[in-house]
Amino acid sequence: MTNEQTPEQKAADARAEKITFGIFGGIVLVLVLAFLTMGLTGVGLVAVATVPVIYILLVLMAGGKA
């Protein structure tokens, strides 16, 4: 068995990786901005708000099987 990927699969993997880094970068940016504007309360609010988003991403990565 080989683990060779077609160029289309490589492109799709690269695109998914860029989207993932973008999402994580956005979350970090929002946490920093919340800390700068509201202190630790802002970080807590953002953290609580991102829990459902993380859950949805995990479900999607698992193939939609909740």
In chain order, what residues pass the side-chain contact (heavy atoms from CB on, under 4.5 Å) check against Q9, with sequence neighbours excluded?
Q5, T6
Side-chain donor-acceptor pairs under 3.5 Å in residues 30-52, sequence neighbours left out?
| from | atom 1 | to | atom 2 | distance (Å) |
| --- | --- | --- | --- | --- |
| T37 | OG1 | L33 | O | 3.0 |
| T37 | OG1 | A34 | O | 3.3 |
| T50 | OG1 | V46 | O | 3.3 |
| T50 | OG1 | A47 | O | 2.9 |

Taking I56 as the fixed residue, which of L60, L58, I54 is the one that meets the side chain to side chain contact (heavy atoms under 4.5 Å, CB included) rule?
L60
Could you pull out all donor-acceptor pairs under 3.5 Å where a side-chain atom in residues 18-27 meets a protein atom, sequence neighbours excluded?
| from | atom 1 | to | atom 2 | distance (Å) |
| --- | --- | --- | --- | --- |
| T20 | OG1 | A16 | O | 2.8 |

